[in-house]
Amino acid sequence: MLSSKRILLIIGGGIAAYKSLDLIRRLRERGAAVTPVLTRAAEEFVTPLSVSALAGEKAYRDLFDLTDEAEMGHIQLSRSADLLVVAPATADLMGKMAGGLANDLASTLLMATDTPVLCAPAMNVRMWEHPANRRNHAQLKADGVRFVGPNEGDMACGEYGPGRMSEPLEIVAAIEAQLGTGPLSGKRILVTSGPTHEPIDPVRYIANRSSGAQGTAVARALAALGAEVVFVTGPAQVPPPDGVTVVQVETAQQMSDAVDAALPVDAGVFAAAVADWRMATASDRKLKKSRDGLPALDFAENPDILKRVAHLETNRPALVVGFAAETDNVIEHATAKRARKGCDWIVANDVSPATGIMGGSENAVVLIAEDGAEEWPRMGKDDVAKRLAARIADALGQ
Ligand SMILES: Cc1cc2nc3c(=O)[nH]c(=O)nc-3n(C[C@H](O)[C@H](O)[C@H](O)COP(=O)(O)O)c2cc1C
């Protein structure tokens with residue numbers, strides 16, 4: 001809930017401005033007060049009348065409006081809110097914010113405040129990927145501005161890719177997380193992700209095909225619901241999410257140590273593809289080709305992190321979630337794995353090559369809990385993560 005919270009909503013001039021009308025409605029349903037501000041360009045997409053009618057407040061538009069200054073000066077306007085939300089955040093607004101420009105009401109409000117700012121970018125995929133926008137995005141993140149989205153998908157301009165504004169309810173969740181009123185606020189959750197690399201010698205290692213995409217999406221989704229996330233990741237192919245504490249590791253042993261250091265937590269989600277074996281003794285020199293034949297590699301078993309945490313007598317998380325990558329008899333094998341590991345839930349997926357799941361953007365999972373198996377339809381890894389995060393929030397909230 002957002003009762004007694006005041007959001008200053010800056011609406012930029014993009015097609016997605018129509019979604020900001022629904023956003024206002026959703027925020028008010030949750031008890032928030034919304035003070036809307038439209039840029040000049042935003043007025044081409046939504047009318048100040050609709051915006052102020054939905055907000056139940058005046059829609060501010062002009063920096064040099066003597067009446068507005070008499071009612072509430074622009075400095076006071078920018079500071080009276082608990083959070084400034086820019087939705088849609090146009091390429092132009094992001095550029096102004098990153099460059100410190102203040103030549104209209106919206107950009108001046110953003111400069112004149114130290115209140116936290118959350119941006120929901122929306123723009124054509126080429127604009128999103130333009131080097132200037134990439135620089136502005138990085139600068140704003142470094143300045144402490146938080147982001148929700150953009151999402152990947154079909155765009156109003158007919159193209160496909162990242163740049164689509166997050167849906168109003170996703171923005172609401174990000175606002176709740178930012179204001180500490182999300183369903184997972186106050187909960188500390190550990191997520192492991194990515195593969196591990198087990199050195200053979202200084203230049204070679206044993207690895208697996210995990211990209212880290214699913215674990216990263218889970219960490220992002222949990223943070224979006226307000227959780228404090230400790231993200232322990234092996235060498236993944238995707239960057240870690242924003243707004244989480246990242247612990248980079250390489251080997252299973254390092255991951256195990258990092259997990260211990262992160263405890264206690266309310267829940268642990270073990271999505272990493274941890275190597276089962278390492279070299280009994282990794283060579284400290286590069287192994288050379290030899291006329292005497294092939295090198296003999298002696299394996300040793302790695303720590304079973306999931307099983308160990310699930311059996312902890314002190315500091316066992318209230319909810320322990322494992323992931324199982326199976327190539328056949330998914331439900332049967334994953335059910336057996338749940339019992340063997342002693343965890344509460346197993347999220348099982350079929351990673352046989354034909355599914356394209358390992359390294360791909362989609363996942364088809366079965367959630368196995370004490371009361372049986374629940375098959376989820378095939379969906380994007382982000383959607384799997386959001387559904388799992390919502391289930392975790394329900395479980396921890398009980
Ligand atoms: C039909 C149309 C749609 C637009 N959609 C977007 C958009 O989604 N994102 C964006 O960054 N700019 C978009 N623009 C360009 C912005 O409106 C333009 O950069 C404007 O100066 C932004 O002003 P503002 O940042 O003050 O709102 C669009 C322009 C037109 C004509």
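Just follow the structure's listing: the first ligand is 1, and inside any ligand the first atom is 1. Here, residue 1 is the first one in the sequence, and each next residue gets the next number. For clarity, every value in this text was computed on a predicted model and none was experimentally measured.
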May I ask you to decide whether Glu129 forms a salt bridge with Arg134, counting only side-chain N to carboxylate O separations under 4.0 Å? no
Salt-bridge test for Arg391 and Glu374: reply yes if a basic N is under 4.0 Å from a carboxylate O, no otherwise. yes
Could Lys337 and Glu326 be called an ion pair, given the rule that one side-chain N must be under 4.0 Å from one carboxylate O? no
Side chain proximity check, Asn302 to Trp277, heavy atoms < 4.5 angstrom: no
Parallel, tilted or perpendicular for Phe147 and His137, by the 30°/60° rule? perpendicular
Looking at Lys58, I'd like to know if its NZ atom is crowded, meaning that more than 12 non-hydrogen atoms belonging to other residues, nucleotides or ligands lie closer than 6.0 Å. yes
Ordered by chain then number, the protein residues lying under 4.0 Å from ligand 1 by heavy atom are Gly12, Gly13, Gly14, Ile15, Thr39, Ala41, Phe45, Thr90, Ala91, Asp92, Leu93, Ala122, Met123, Met127
